[in-house]
Amino acid sequence: MTKLKLNLGPQHPSTHGVLRLILELEGEKILSCEPDVGYLHRGMEKMAEKLSYIQYLPLVDRIDYLAGFFYSELLCRTVEKALDIELSSRVKNIRVLMLELNRIASHLLWIGAFLMDLGAVSPFFYAFRERELILKYFEKVTGQRMMNNYFVYGGVRRDIFDLEDVENIIKILPSKLNDYEKIITDNPIFIQRTKGKGSLNSDVALNFGITGVNLRTSGINLDIRSNDYLYKDIEFKPVVLLGKDAWCRYKARILEIKESINIIKQILGKLKQSTGVEQTFVNPLNIKLPQGEYYSEIEAPRGLASVYIKSTEEKTPYRLKWRTGSYYSVNLLRKLLVGEYLNDAIAIAGSLDIILPEVDK
Amino acid sequence: MNINEFNDIFQNCELIDEKIVIKSDLAKTIEFIKDNYGFNLLKEIVAVDNKEHGIELIYRLYSTENEESVLVSFVVNDFAESVSKIFESAVADEKEIYDLFGVKFVGNDELKRLYLPESWEGHPLRKDYVQNDERLRWND
């Protein structure tokens with residue numbers, strides 16, 4: 001049979017960004033896959049070397065526009081670690097609240113978009129309806145729906161308020177998740193399109209540097225939150241499943257949302273006990289990290305995210321490097337799509353939750 | 001994992017600032033660490049251009065079983081040994097480092113421009129990189 005080269009992309013809705021896959025096909029079977037990235041490259045690491053720490057802070061939300069809080073938190077905690085700043089417990093709780101709300105919003109968008117990739121249009125609107133509640137709250141507190149720029153070195157930009165909105169969100173969400181499960185989880189068409197598709201063994205996943213939900217559905221319990229200083233007093237159980245396939249990755253994200261709701265419930269109790277936020281003032285015009293190398297990591301919705309900073313006591317970092325989960329997921333496509341059929345390619349690529357701004361940096 | 005024990009096997013390394021600094025045989029050492037100490041995840045490779053001291057590559061290895069990390073550091077100039085046969089994820093890291101630093105990894109045959117266009121000159125994260133964009137001269 002003659003071989004065919006097919007260009008999937010550069011603008012395909014399943015990628016939520018601009019990813020180009022060069023597929024080699026025999027009939028409908030994929031022989032090889034070559035991802036072509038870089039359409040959204042903004043030079044995040046080069047910019048860091050030119051900008052002072054306070055100038056760079058608003059930009060980092062844009063690395064992953066769906067989970068901006070995580071990247072702000074990463075940069076803030078690295079600088080705080082270097083400058084030896086201890087956060088007050090209320091600031092920590094506010095940060096965890098925002099991070100977990102952000103995780104829910106990110107997973108909800110993924111559920112909607114993934115189902116849309118598979119041809120189901122209505123779940124997209126349902127998921128966006130619930131995500132809207134979270135974004136409205138973000139807008140109220142931070143002034144922005146996305147790219148919030150809310151965390152600052154030493155604290156948060158302003159104190160949190162209207163916690164009853166969050167209570168409302170976590171009251172509504174579980175029943176809505178049940179609705180999703182009713183229409184999606186056991187839907188025969190959904191099962192046929194995702195069960196057993198894109199099966200990922202744990203050793204392959206580790207070899208390709210896959211982290212986050214995609215790794216935990218292969219049975220490896222790697223959730224950085226268990227060692228995270230922000231989550232020290234919080235009880236939670238990492239979601240670890242053994243299904244390995246696209247369906248399992250969907251199920252795991254639903255369970256992660258439920259787990260995040262549990263965390264938020266605990267946080268709300270703590271936030272209500274205290275008032276007035278105590279912050280450490282850091283002079284924004286004169287942030288210089290002591291000489292040395294600093295590294296922090298966090299469990300972002302799309303896997304392990306980390307930042308490495310090398311400082312030479314200048315106003316700008318000497319070198320700053322981001323690690324993002326999606327970058328390795330894109331690399332995994334070279335292996336995961338081989339031997340699959342073209343119509344499954346979208347389901348598999350979509351199930352990995354790839355965000356292209358995060359890949360291109 | 002005990003660094004001294006490790007040092008006996010490979011006389012090419014020493015411990016500086018919590019980093020295992022290797023002098024030679026990069027791929028062999030990393031393979032040894034992976035096979036014998038269970039470091040099964042290469043989190044990332046960081047490249048830092050230290051000007052006249054060459055380009056430092058930092059390999060961040062993690063063991064999911066023992067939940068511990070180790071840093072392996074290696075200084076290169078323009079050529080380095082690829083570890084892509086040991087860790088598949090290194091293909092991605094090495095591609096990025098090639099694009100931004102110009103380090104050629106021997107044994108990785110996927111090296112080409114990743115983020116930047118094929119026609120781009122130079123490697124932007126090198127400290128000797130000269131920004132040569134014509135737009136900078138438009139106001140002259």
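Every chain is numbered from 1 and lettered A, B, ... according to where its sequence line falls, protein lines coming before strand lines.
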- CG on A:N331 to CD on B:E96, rounded to 0.5 Å: 11.0 Å
- Message: Would you say that more than 12 heavy atoms from the other residues, nucleotides or ligands in this model lie under 6.0 Å from the NZ of B:K127, or not?
- Response: yes
- Message: Within the 4.5 Å heavy-atom criterion, are B:F87 and A:L206 side-chain neighbours or not?
- Response: no
- Can you say whether B:I86 sits under 4.5 Å from chain A via the side chain, the backbone, both, or neither, judging by heavy atoms? backbone
- Message: Quick check: do A:L222 and B:L41 have side-chain heavy atoms less than 4.5 Å from each other?
- Response: yes
- Short side-chain to backbone donor-acceptor contact, A:Y327 and B:A92, under 3.5 Å: yes
- Item | Contact class of A:N207 relative to chain B, heavy atoms under 4.5 angstrom | both
- Query: Which pair of non-hydrogen atoms, one from B:K43 and one from A:R323, has the smallest distance, and what is that distance?
  - Reply: O-NE, 2.7 Å
- Task: Against chain B, label A:Y318 side chain, backbone, both or neither, depending on which of its atoms sit under 4.5 Å from a heavy atom there.
- Result: both
- Is it true that B:E88 and A:K335 make a salt bridge, defined as a side-chain N closer than 4.0 Å to a carboxylate O? no
- Is A:R42 close to B:Y115 at the side-chain level, that is, under 4.5 Å between some pair of heavy atoms? no
- Query: How about B:V46 and A:K310: do any of their side-chain heavy atoms sit closer than 4.5 Å?
  - Reply: no
- What part of B:L71 lies closer than 4.5 angstrom to a heavy atom of chain A: side chain, backbone, both or neither? neither
- Item | Audit row: A:Y328, B:D93, side-chain hydrogen bond (donor to acceptor under 3.5 Å, both in side chains) steps and yes/no | CA-CA 9 Å; A:Y328 297 89; B:D93 288 305; 2.5 Å; yes
- Message: Please check this pair: side chain of A:R319 against backbone of B:D49, looking for a donor-acceptor N/O pair closer than 3.5 Å.
- Response: no
- A:T312 versus chain B, the contacting section by heavy-atom distance below 4.5 Å: neither
- Rounded to the nearest 0.5 Å, the CG atom of A:D36 sits from the CG atom of B:L114 at a distance of 8.5 Å
- Item | Structural part of B:E65 lying under 4.5 Å from a heavy atom of chain A | neither
- Quick one: are B:I58 and A:E293 in side-chain contact, heavy atoms under 4.5 Å? yes
- Message: With chain A as the partner, which of B:E44, B:R60, B:R113 has the greatest number of non-hydrogen pairs under 4.5 Å?
- Response: B:R60
- Task: Would you mind checking which part of A:V204 comes under 4.5 Å of any heavy atom in chain B, side chain (CB onward), backbone (N, CA, C, O), both or neither?
- Result: neither
- Note on the structure: When every non-hydrogen atom of B:S89 is compared with those of A:G209, the smallest separation belongs to CB-N, 3.6 Å
- Task: Check whether any side-chain N or O of A:K46 sits under 3.5 Å from a backbone N or O of B:P124 as a donor-acceptor pair, and report yes or no.
- Result: yes
